[in-house]
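For reference, the structure is listed below as structure tokens.
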Amino acid sequence: MSFDQLGLSEKVLAAVKSAGYTSPTPIQEQAIPHVLARRDVLGIAQTGTGKTAAFVLPMLTRLEQGRARARMPRTLILEPTRELAAQVEESFQQLGVNHKLNVALLIGGVSFGNQDMKLTRGVDVLIATPGRLLDHTERGGLLLTGVELLVIDEADRMLDMGFIPDIERICKLVPFTRQTLFFTATMPAEIRRITEQFLHNPVKVEVARPATTVDAITQSLVKCGREAHDKREVLRKLIRSAEGLKNAIVFCNRKRDVATLYRSLLRHKFSAVALHGDMDQSSRMAALDQFRKGEVAILVASDVAARGLDIPDVSHVFNFDVPHHPDDYVHRIGRTGRAGRTGTAISIVSPSDQKAIGAIEKLIGRTIEWQGTPPVVDEPFGPQEPVRMGARMPSRGGRRARSSGEGKPNEARSGEGRSSEGKSGEGRSGRETVAASPKAASAGGGKSGTNVTPLESARRRQAARDPSDDIESYLPAFLLRPIRVKAKA
Ligand code: AMP
């Protein structure tokens with residue numbers, strides 16, 4: 001199928017041509033005619049599938065009729081993070097070159113005043129993160145009663161980040177008769193409930209998950225010790241020896257590890273930038289820009305900062321930390337091998353990552369090769385029964401071998417929530433990952449053998465503790481002191 005069979009306007013088709021798109025992607029082919037026919041659309045698709053253009057192109061066509069009024073945007077796009085919002089704005093700039101539309105971005109971390117001024121001029125397309133949008137409506141500077149089309153993008157990430165109550169509030173502020181386009185990569189129960197409540201007879205459009213498209217990516221595992229400095233050394237060797245490395249994203253599970261690793265790479269004379277949720281907006285954009293333009297070769301990032309970003313042509317992805325959640329692995333490695341290119345993804349695996357690797361292999365339906373000899377671990381089965389790391393683990397106590405990052409839906413795994421609109425801390429939860437529980441942290445921390453008291457076992461766990469472990473796995477020293485009970489006289 002070609003773009004001119006989809007019902008798009010001449011201006012839009014000309015822009016598509018100058019963007020170099022030759023044929024529509026499956027989500028564009030399936031969604032665009034329905035958007036133009038003013039149907040609600042439920043799109044199950046992830047970034048990398050061309051879903052942004054699937055709503056931008058028909059919106060541009062639709063917006064050719066009518067004009068904007070002050071403080072009453074005609075269309076509204078909700079994005080979970082500032083970077084994604086900025087990326088959608090870029091799409092409007094690129095694909096809307098032949099249109100004179102007012103596009104405004106309402107995101108946290110930048111001045112209210114400028115945003116307010118833009119709103120007074122009248123906005124055709126408003127792209128916003130939920131928190132900042134509600135701040136503007138609460139101050140009375142923004143009326144959503146003129147919204148004809150609402151896009152809710154990356155809805156499952158909104159759920160992860162605790163944004164669903166905000167989304168519900170916003171849906172009640174826009175007219176009941178609006179058209180809604182709703183995009184999500186997965187359909188957990190809470191998302192299903194929202195779609196049932198706010199979509200009117202939607203057309204469901206579904207495209208393949210990246211999990212099925214990882215064939216172009218060469219994946220491997222590299223063993224390392226438990227300590228953070230071991231990992232850093234392994235990473236440096238990998239970067240120095242990686243074949244065909246042009247640029248790389250290095251993922252860490254925690255914000256503070258991003259900062260530490262970034263500083264360490266600079267000390268070792270690597271060309272690197274960092275991207276994590278505690279950085280202010282301008283530093284985040286500057287870092288991304290430098291990486292995109294090829295001014296620096298390495299981007300050290302956390303999941304929250306990097307998920308969904310379209311960074312073309314990344315040759316390597318390194319998992320400095322194995323992600324707690326297997327879906328994050330798929331997202332991370334999906335940063336490479338994009339648009340028909342090949343890519344390399346290497347994960348640095350410490351002894352406590354065995355469960356996480358098992359869960360990842362289960363999700364992607366294949367085993368990941370080790371570089372060099374695979375480690376043999378004697379935990380938790382004892383030396384007489386060695387287990388290759390990453391092999392399926394029999395469930396213990398009836399629980400499925402899943403990562404500790406998986407909790408109740410609103411135990412945000414990652415977050416850039418309303419609080420992120422302020423200076424620091426991202427996400428309603430204020431944390432970037434759910435830390436490994438003390439139990440999980442200790443699981444790989446050395447089984448103590450027989451006849452070991454709980455105190456001794458805690459001490460050993462403490463001794464083996466990875467300094468990068470989160471606060472919840474930290475046992476204060478005074479709790480490890482032996483208790484002396486005075487004998488009665
Ligand atoms: P998205 O899934 O929206 O993040 O898009 C991923 C990338 O695909 C972006 O760099 C788009 O510019 C690109 N893209 C979107 N649609 C097409 C198309 N029809 N042909 C080629 N590239 C596309």
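The structure presented is a predicted model; accordingly, all values stated were derived computationally and were not measured. Whatever order the structure lists them in is the order used to number ligands and atoms, beginning at 1.
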**Message:** When you compare the side chain of Leu63 with that of Thr75, does any pair of heavy atoms fall below 4.5 Å?
**Reply:** yes
**Prompt:** Is the gap between the ring centers of His99 and Phe92 under 6.0 Å?
**Reply:** no
**Item:** Option set Tyr21, Phe55, Phe183, criterion heavy-atom distance to atom 13 (C) of ligand 1, minimum
**Value:** Tyr21
**Message:** Among Arg284, Arg157, Arg292, which residue satisfies the salt bridge (charged side-chain N to carboxylate O under 4.0 Å, His left out) criterion with Glu83?
**Reply:** Arg284
**Region of Phe3 that comes within reach of ligand 1 [heavy atoms, distance under 4.0 Å]** = side chain
**Request:** Go through the steps for Phe55 and Phe183 under the test ring-ring contact (aromatic ring centres under 6.0 Å, His included), then give the verdict.
**Result:** CA-CA 10 Å; Phe55 59 82; Phe183 293 92; 5.4 Å; yes
**Prompt:** Counting both backbone and side chain atoms, is some N or O of Gln28 under 3.5 Å from an N or O of ligand 1?
**Reply:** yes
**Prompt:** Using a distance-only test with no angle check, is there a side-chain donor-acceptor pair under 3.5 angstrom linking Ser220 and Glu369?
**Reply:** no
**Asked** Where on Ser23 is there a heavy atom closer than 4.0 Å to ligand 1, on the side chain, on the backbone, on both, or on neither?
**Response** backbone
**Complete:** For Thr52, the ligand 1 atoms with a heavy-atom partner under 4.0 Å come out as 1 (P), 3 (O), 4 (O)
**Asked** Is Ala53 in polar range of ligand 1, meaning some N or O pair under 3.5 Å apart?
**Response** no
